[in-house]
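Each chain gets a letter, A, B and so on, in the order the sequences are listed, and its residues count up from 1. This structure is a prediction, so every number in the text was calculated from the model and none was measured.
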Amino acid sequence: MKLPQSFYRRDDVVRIGRELLGKVLCTRFSGQTTAALITETEAYAGSSDRASHAYGNRRTKRTEPLFAAGGIAYVYLCYGIHHLFNVVTNEADVPHAVLIRAAAPLQGIDIMLYRRSRSEADKALLAGPGSTAQALGIDTVHSGISLSGSQIWIEDRNTVVKPGSIVAGPRVGVDYAAEDASLPYRFILKQ
DNA sequence: CGAATGATATACT
DNA sequence: GTATATCATTCGA
């Protein structure tokens with residue numbers, strides 16, 4: 001079943017990040033459907049988080065979706081090459097989000113292989129946030145769209161996530177964020 | 001290990 | 001309006 005808006009609009013972005021592990025991220029563009037099991041996430045706690053684009057409630061045209069009510073996508077281009085997909089959480093004017101860092105292919109694998117220009121479904125297919133977004137066909141044009149619509153959504157397929165299979169750790173790639181970089185806001189699903 | 005690559009924010013004229 | 005620094009990364013040596 002598709003996750004309801006109430007899932008995203010809760011006040012605890014770290015908890016939502018943890019609970020997204022084992023959920024299924026689905027996209028459907030131009031009649032092509034792909035789905036992947038979320039295996040790694042990171043929470044970005046908005047105004048109090050130096051690593052967030054919205055640190056100190058910095059509101060710009062790019063970060064605008066972060067300030068909308070939860071349950072929409074926030075996509076942005078990093079390093080000029082990679083699209084990063086985030087799930088916006090919490091109520092309006094609270095810029096919390098969860099970055100999807102990695103996933104495991106479930107459906108539409110041939111489509112993902114084509115998008116990633118790869119011939120085999122190896123580990124690199126959905127390893128890392130840029131690769132994950134590319135495999136699912138997510139682009140900056142999808143920033144701000146609803147996760148309750150028919151293009152991008154997240155399903156709960158009742159995948160069993162054992163309590164011991166979730167590992168929390170410091171985030172990566174955000175060293176510039178000083179002490180906030182070491183917060184345990186990263187969650188990994190052990191395989 | 002290091003280059004690639006472009007939108008975005010910020011600081012200028 | 002134009003310029004420049006910066007980046008929530010990846011891939012190929």
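- Looking at A:Thr33 and A:Gln107, their side chains never bring a donor and an acceptor atom within 3.5 Å of each other.
- Across every strand in view, B:dA11 sits in a pair with C:dT2 that passes the Watson-Crick or G-U test at under 3.5 angstrom.
- For A:Arg116, a side-chain nitrogen or oxygen approaches OP1 or OP2 of C:dC11 to under 4.0 Å.
- Residues A:His53 and A:Tyr44 are not in side-chain contact: their nearest non-hydrogen atoms beyond the backbone lie 4.5 Å or more apart.
- Across all strands, A:Tyr76 comes closer than 4.0 Å only to sugar-phosphate atoms, never to a base (heavy-atom distances).
- Residue A:Tyr176 places at least one side-chain N or O closer than 4.0 Å to OP1 or OP2 of C:dA8.
- The side chain of A:His53 lies closest to C:dA8, out of C:dT10, B:dA9, C:dA8.
- Residue A:Arg118 is in sugar-phosphate contact alone, with no base atom involved, counting any heavy-atom pair closer than 4.0 Å across all strands shown.
- Heavy atoms of other residues, nucleotides or ligands lying less than 6.0 angstrom from CG of A:Asp11 number 12 at most.
- Considering only side-chain N and O atoms, A:Arg101 lies under 4.0 angstrom from the phosphate OP1 or OP2 of C:dT9.
- At most 12 non-hydrogen atoms from other residues, nucleotides or ligands lie less than 6.0 angstrom from NZ of A:Lys190.
- Side chain of A:Ser131 to main chain of A:Ala127: a donor-acceptor pair is present (N/O by atom type, distance under 3.5 Å, no hydrogens or angles).
- Proximity note for A:Ser131 (side chain, C-beta onward) versus C:dA8, C:dT10, B:dA9: the nearest is C:dT10.
- Using N1 to N3 plus N6-O4 or O6-N4 for Watson-Crick, or N1-O2 and O6-N3 for G-U wobble, each under 3.5 Å, B:dT5 pairs with nothing.
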Nucleotides 2-4 of chain B: which of its N/O atoms have a protein N/O under 3.5 Å away?
none

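- At a cut-off of 3.5 Å, with distance as the only test, a side-chain donor of A:Gln134 or A:Arg116 sits close to an acceptor on the other residue.
- The distance from atom OH of A:Tyr55 to atom P of B:dT10 is 14 Å, rounded to the nearest whole Å.
- A cation-pi arrangement is not found for A:Arg10 relative to A:Tyr8, the charged atom failing to lie both closer than 6.0 Å to the ring centre and inside a 45° cone about the ring normal.
- For A:Arg62, whose side chain is taken as the heavy atoms from C-beta onward, the closest listed nucleotide among C:dC11, B:dT8, C:dA8 is B:dT8.
- A:Ala127 comes within 4.0 angstrom of sugar-phosphate atoms only, judged by non-hydrogen atoms across all strands, and of no base.
- For A:Arg186 and C:dA8, the shortest distance from a side-chain N or O to OP1 or OP2 is not below 4.0 Å.
- Using a 4.0 Å heavy-atom criterion, one finds that A:Arg171 contacts no nucleic acid atom at all.
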